[in-house]
Every structure is written in structure tokens, then in C-alpha cells.
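These figures come from a predicted structure and were not determined experimentally. Order of the sequence lines sets the chain letters (A, B, ...), proteins ahead of strands, with each chain counted from 1.
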Amino acid sequence: MRIRLMVAAGILGVMILAFSLPHGDPSAVDLTAVLQPPSQAHPLGTDDLGRDVWALMAVGFWRTLTVVVTASLTSVLIGVPLGLIAGYSRGAVNAIIMTATDLTMIIPTFVAALLVTAVVGLTPFSAGLVLGLFGAGTYVNQTRALTLSIRSYDYVRAEVLLATPTVQILLRHVLPGVAGPLMRYFGSSASGTILAYAGLAFIGLGVDTTVPDWGTMLYRHRSQIDHPLLLLWPTLGIFLLAIVFHILADPALRKEGQ
Amino acid sequence: MIMRWQKALVRQLELFFVSSVVIFAVARALPRTPMEVYLQDRGLPVTPESIEALERQWGLGGPIVVQYFRWIGRFCTGDWGTSIVTGEQISVAMAQRLPISLAIGLGGVALAALLAYPLGMKASLGSRGWDLGARLITLISQAVPSFLICTLVIDLFGVRLGWIPFFRLSGAALVIAPMLIVAFYSLGQLSRVVTAHAEELRTEPFVTAAVARGFELNDLLWRDGRRPVLYGLISTVIAKMAWVIGGTAIVEYVFAVPGMSYYLIKSISSRDYTVVQSYLMVLVLWMFGTRIILGGVLSWLDPRTR
Amino acid sequence: MTIGIDHHGPVSLRVRGLSVRTRGDSPALLLDDVDLDLAPGQRVGIVGHSGAGKSMFLRALTGFCPDSLDVQGSVQLIDGSGEIQELLTADTKQRRRLATGAMAISWQNALQSLNPYQTISRQLGATLRLHRQLTADEVRSASLQWLASVGLSDGAGLLGSYPHQLSGGMRQRVAIAMTMCGGQPIVVADEPTTALDMVSQAECIDLYDRLCAAGARSLLYVSHDLALVGRLCTSVMVIQDARVVESGSIDQVRTRESSNPGASTRFSGILLAS
Amino acid sequence: MTVMLSLRDVRKAYRSASRDVNALDGVDLDLPSDHALALVGESGCGKTTLGELTVGLQRPDAGQIMHASGVDLANCRPRSLRSLRPRLQMVFQNPFASFAPHLRLHQSLAPVARRQGIAQPMIISALVDSLEQVGLSAAHLDRYPAQLSGGQLQRASLARALLCDPQYIVADEISSALDVAAQDELTRLLGRLRAQRHFTLLFITHDLGLARQVADDVCVMDAGRIVERGRADQVLDDPQTRAAKRLVDAIPRFRY
């Protein structure tokens, strides 16, 4: 497991370093230098509007990262507490939370994102929030299932007998047991978010295609197959970033080292 | 146990009712009401009187609760209203498009499930090769955006090799390529689930006891592992069912296949809310149906829940 | 495919210098040079603290040691005609085929050893057919006979039901029938009574006693409780820290142990008699 | 001899998948303070359920569990049950599930001492004392549960319970997961602690022989009811009911 973490952190570290270097102005159009191959001035060449591809990639990276962080935080901060509460309490509270969760599970995350971003416009935060919110359902279910099983362990029942306050039981005894398996699920949901955001940008509802997003870059250059590099860089960006989270997720589906 | 299955049925009916209320409320809460959209698209002045007139014509007036019951009543009898933009009967439009989306989505997931069982089992029992293969498929399906693969497929087979005239297909041929891509994107996850359940079986007490009685482990897992592994596979498929209609949006968009999702995308961009509303209701009906049917299959699989 | 090895007459077991070590640069010794002779019909109890190595001995003996461990020594099955089969030199698959053909092996949690997804008749029938060529009728009558021999009256009703529909006691008896129905001459049991309460433990011990006596089968029984072993076996072998520290008849070991109460090999259960 | 807990017509039923199981079918029982009672029966007779009801881990479907302080555990409000909590403790069967796997021993025990009002600087020494009382040492405080043996974990559980200065401890088959040697040591320790700390002990087991070692007063249970109660030697030598007879016959004697 440790090797996996190092590889994932390595890739992410390189990308963060690379894209935080100073880069040109992504919106600087230069029609005299259209579709140039990689050169000293433009490490990744220029696009059909003569813009510096490296700058576009850098801005696209930070926007995608914002989406992943926003979506993951939203899912975890909403899903886990609700899952803990639903798992630990009985009756009405449990029913309300589970019905709301079922609602978000019925409507596919991508469709919800399409709807919301079309109305409020596609920005990293809006996409992150809606992908996070509709992705929280799985976190609620997984956390609730884990809480239900941990709750019946003797050490939790012993804490109840020791008059330990419920909040402390949830945070100190149940949550650590939940965190492990959830951490691994987080990996696969994060890589899913990256692809979803790229897809939203690609379909381009409520977005102007000059904004530097990896998805919009792919959408704009989809017909220029003769300039494969323009398609390669965003694809590589998405691939590497998704790999970072996919590596974290893999043990989730295959029991390793347990 | 019939009682358990009926409890699930009632639960799903409740869910259906609650989601219809939510969908109705959401449609009403959107910034631009259908009437404004209709008037503005045609350049007509947006005056209270014209809104009043349209509301009466479309039967949208009156207290909110009455509107809701009128709407749900009509919905259940098949009258889903008319599209603001095109004016055609929504239920007719949906009826044409639903089979296409089902073929792509359901066909894709079903095909993936059929392939996932042997692939997942081989990955767990067979040689390293199968396992690496399954991991590679999962890796690609989680790291390469689907619209990219669609674009490459169209470019390679459509443009360069010219084998398939993608944008001039009709009938069954329309759905083959999108379905295969949907299958590919589901195969990774489903095969990993099968592998995980097969791995778990290895250490189950009843498996180790059978091996101690002389059964060979791999033969045992192939033969007796079917039910527990299928149980895990089908419960994951149920979770993917919501994705079937919605998740195929990109594939339908890139291949320009006139399915439900493509229709949804067009309706959203033209703010055709009555279509969006009906689309969401179809989703709810679809989830309602799959959970009941596949739920029944699950309880048949595991005798303990029967 | 059946793996029933047709033994000519009774089978005896000869173990010489059986040792188990972990692989790698500093191998740990899990079992140190154990010898054992098990004549047909003889019953030997193996006693020791948990983790002393008694289960390891059984796993090594039956060829069910994980490949990550290095097993040395020899385990031989000798049948009536003097023909000798050496287990440890065979490859894993062949070794397990030979072992399960001659030995009825059961590990610890008998209660969960039934397949929850299949009816009793299907599981019992499959095990029977694995060891002998039988027609459908023969399988059914053999199944009913085995259920009766473990004291289950309504055999026909049981055949059609699933394990979760049976009580704990019935499941335990069906599990024992399943392990022994292969008809193997040697019975090997690794603490089958853990997680059972006192009364079911006693029933389980009586069942093993009767079934071994009926088929004149030899028995290797592992437990941490000398008193339990005392009800079943004539001689006992005490394993501690991977080595055999004492062996002989039950009375020899008990007197030797009670003569120096400080002896670390205190295994006697709650002795009512003394 | 005041009665610490008195149970009147206590009933409890579980609805399981295949059939309804009524664990307790009308139990009347008086538990005096500073007393040792062994509750013996085969698995499924309801003894664990009874144990859990008397510490308020579960509520009965019917009947009364009157505590000396006037609180009825069966029907009282959760707040008043919580005020009673530290005085009624329980040690469970599986030692390896009794402590949170991700916490060192002192991280599990310290909050208990703190809630008993022990000042922060004094906590460590209080923990060391409680461990030494059960035959463990300060060195064990830094260990994770996985680094301790079954016997050591059960002792730590006892120490944790004793930290609350309980008036009542339920020991639910605490030695059945241990091998015989550890079983002996644990039962003798339990007897010593009870004599020192004067709490009421409910020793739940299926082993009548073991029960005799811990308590003089024995209750035999069968199918959710108490069918026989008396002095340990008397029940062992002359069991009256069928259930008691089966339990006595089951005790291993030497046959050869």
C-alpha cells in the first residue's frame, strides 16, 4: 500500500510543480502563430487561436483540481456525518436521511450536473458542488452500513456502558473504523469526478468554449485530428490526474494485505 | 419471504411518490418559468396577461397542490404534456427515444455483466495475465474520458477506414457502437466486483471445509461460487441502473444518436422544462422497475432472504 | 471424477521428523521434528496451549500447509498390502488428493462449514459422489443412512432444507456426517468443539467416539483440553513451543503432570474426579 | 442484605428471518448486593440476553428490572439510565473485540478514569494501579489490542470495568474463548477481585464445573426461563431438572 501512495503522490507532486511555474496568459490570442509545434516559447505549442497550450493546460489543471477537491469535500462532509447518524440512530431520523439519499441515488450524478450547470453556469465550484452533492449518496450508504456493523462490536457496546457520550463514540470509535474502507472508495469516486467534469465541459452546456478547461480543449480540437498533439495534452492531463486517484482506489476492490 | 418483497414494493412506491413531488417542485423553482421561455423565444412581450393566458391554456394555473395532482394524474394516464419548443406530445417523443437509450445503456451493462463474470473469476482464479488484463480495463475506463474514445472510434472506423457511416445509420446499427463503448466502461468496475467476491469466497469456512473433504479449490469456486458472486454482481448492477439512462448522455451526444439523453441535453439547452420534468419521471419509473425486478432475482439467489 | 483411493484393508500412518519453518532469511520454527505412528483403529489426542503448534502439525500432516511454509520430513500412508504412499514428495494437488482420500479432515468452526446456498442433499450427495461411484438412488440412501448415524431422525425432511433452516445442534451433526461420509479410514479433527457449549461439546465427542468405533477408524484429535481428549483417545501427545514435550497413555501424562503441579503443561480441564 | 436488582416477569423476543425466538419467557430474579451468582445454561437459553438486560444494553418487551436506587431499567428515561451507567458494567465473550483496534490501551482507558473525576496528572498512575490489580503492568498501557493475548485482553476489560467502581459486573462467558490454562487463571482472578471490591457478579457460562469455582449460588436456565436455583454443590450432586442433568453429564470426566 505504501508504494501506491508514493507513486500517486509523486505524479500529483510533479503536476502541481509543473503547472505552478509561471506561464503565459492563456487568453492571449496571436493569430500569427497558429497551431505551432512545441518550441522554446511555447513548450506545448499553440492552439487554433494561437494561444499558448501550456498556459491553457496549467489553468485547466487547477480548475480540474478545484472540482475534485470541492466535489470530494462536499461528498465527504455531507455523506459521512449523515451516514454515521443514520447508522447510529433508529426511527424517523434514519428514515428521512435514507429517503433523501435514495432520491439522490435515483438521479444519475451526471444528469444532475448537466441540469444544474446549465442553469447556474459551469464553473469549477458549481460543478464540484453538484457532483459532490449527488455523489454523497454512496458515502451515506457506505458509512451507514459500516456504522451499523461497528455499532454491534463489543468495544462500542462497552463504551455505551461506560456512559461515553454518543458524539465521542461516533468520532473516536466508529469513524476510524469507517475511514479506512471509505478512503479507498474516495479514490474511485474522485477519478470519476474528473471524467464527469471533462464530460460536462465537453458537452459545453452553459459554458463558453474559450475558457481553458481540459474538456473544452478536447471539444474545440475534436475535429482537428491532423493536429493530434492538441488532443494529446489534455487527454494526458486527465489520464495522469485520474491515475493518481485510481491508484488509491484499487485496493478497495481487491483485498490486499488484509 | 413474500412479506419482505412486499415491504420492498411499498418502500419503492413511497420513493416514487416523494420523488414526483420533488421533481414537480424543482421544475417550478427554476428561474425562468415555461411561459416566459415560450414568450421570449417567440419575441412576444412578457406581460402578466399573456402569462395568465398560457397558464390556463396549459392548465398550469390554480393552487400549487391542485396543479400537482392534475399533473401527476395526467402523467399516470400517459398525457405528459407538450414540449414548449417543438409542441409535440412528450410521451410520443419519449416513446421513440426510450428504446434507443435502453438498448445502449441496458444492452451495454448487460453485456458488461455477462463478460465481467468469467473475466472476474479468471482474474481471481486464473493466471496473473487475466488479473492484469482486468486491471488494465478498469484503469482505462477510470482514466480515459468516454467522449475521447468515442471520437477516436468515429475518426478511425468512420473517417479513416470508412467502414461505418456513423452519422447516416438507422435502426439497430445505430446503437451497436455506443453500446459496446458503454459495455467497455462498465466492464472494468463489474469485473473488479466479481474478483473481490471470488477472493472473499476463498476464505469462507464452507469453502475451506469442502476443500478439506477433497474438492479442488478452483473447481469448487467455479461451481459453487456462482450464487454468492452473482449476488454481488447483480447488486452492483442495480446501483448502475440509474447510470444506464443518464450515464449514456455523452455517448449519445458524440454519436448523435437520438436517444433519451441526447433529447435531454437538447431540452436543457433550450430550457424545455416540461420535457426535463418528464425525463426525470421516466428515470424514477425506470429505477422503480429495475429495483423490484432485480431485487426479486437477488432474493431468489440467496435462500436466506427468501 | 472421484478421488476414492481403494485401500486394500486398513491403513496406518507413519510420520517421521515432521518440521515446519517459515521461509526467508531468518526462518522461524513452527514445528520441530515430530514423529507419530497411528495404527489402524488407534486413537491419539494432540494437546497443547493455543498457538503451541498442534494445529500446524495437523496442517503439515494432511498437506494443507500454505505454500509460504517449508515442510520437511516424511508422512507415509501404509495400507494392508504394505503399499506405501509418501505424501510430502507429491505436488500440492496430488498430495491433497491422497490425503483427502485416506483422511476425513475437519477444521475448527464446524457450525459454518455448510454451504448456505445449497440444500443439505446437494452438498452431502456431492461429497459422497466425490469419494465413490454411486447412482442417484445409492446417493439418496447413503445420505439418509449417514443422517441417521449422526442421530438425526427426520432425514428426508432435512435433505431438502437449507442450513439456515436448521438449529445449531442439527447443523453441527450434519457437518460431522459430511466430513466422515467419504468413508476414509483415518479421522483427523482440529478442535471441532470450539464455539460449542458444554452439552453440544459432549454430544460431539460421543458422536466421534461412536462413528470411529463403528468403522474401526483411527483418530487424530486436537484440543487444548486434556479432559475432552481423555473421553476419546487412548494415548496423547503434548505439544508446546512447536516441540513434543510429552507423550504416552492418558494416565501416564496425567500422573506425571499432577505430580509437579507447577509443570507448565497444565492441561487438565476441571477435574471432578481428583 | 439489600437487593441490588430485582427482576419481575421479564420477557424479550427476537424476530429472526426463519422463526420468532422468545429469548426470555417471564423471568423473576433477585440479585443481592456484594454477591456472586452463576447463570448456567446451554446456548440459546437466553442467559446472555438476561445479562444484557440487567446492565441496560437492551430493554425488555415486558416486565420490571428495579434497581436499588428506585430506577426501573425496563421503563426509565434514557437520561436516568445513563446516570446509573458506570455502576453497572459488563465484560464480553470475545476478548479481541473488547477494545478499539486502532487505540492503544491507555487511550481506551484514560477517558474512563477522567470521567470518574480523577485529576489529569493522577490518571496514568490510576491506570497503572488498575492494571496491576488484574495482573498486568504499566508496559501494557502502550500496546495495541492486537499485541495482547486473549487472557490479557480479558484482564484489561476487567480493569476497565473496575475503574468505574461498579456495584455490579456481568461476566458473559468471559473464558470460553480462552484455552484451559488461561481460563483457570481468569476465574481465580475474578474470585479474588470480587472478594476485594464487593461488587455483585453475574457469571454467565455453559460450564457448570467452571461455575462452581466462581459462585456458590447457581441458577440454571432453559428456553428463556430459570428452571432451578440453589447452592452449586447441591445442583451438581443432585440436579433436579432435565436441563441441569444434561449440564452435569456434559462435564468431562476421565473415562480411561
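The choice from D/Gln93, D/Arg160, D/Arg115 that makes the most heavy-atom pairs within less than 4.5 Å of chain A is D/Arg115. Of the residues considered (A/Leu161, A/Thr164, A/Leu162), A/Leu161 shows the highest number of contacts with chain D, using heavy-atom pairs under 4.5 Å.
At a threshold of 4.5 Å between non-hydrogen side-chain atoms, the residues A/Val160 and D/Arg85 count as touching.
Here CE of D/Met90 is found 6.0 Å from CZ of A/Arg157. Values are rounded to the nearest 0.5 Å. The line from CG of D/Asp172 to CG of A/Asp154 is 8.5 Å long, rounded to the nearest 0.5 Å.
At distances below 3.5 Å, not a single donor-acceptor pair connects side-chain atoms of A/His173 with backbone N or O atoms of D/Phe99. In this structure a side-chain-to-backbone donor-acceptor pair under 3.5 Å is missing from D/Arg82 to A/Ala163.
Of the two parts of D/Val112, only the side chain, counted from C-beta on, holds a non-hydrogen atom closer than 4.5 Å to a non-hydrogen atom of chain A. Neither the backbone nor the side chain of D/Gln116 comes within less than 4.5 Å of any heavy atom in chain A. If you measure heavy-atom distances from D/Leu163 to chain A, you find no contacts under 4.5 Å at all.
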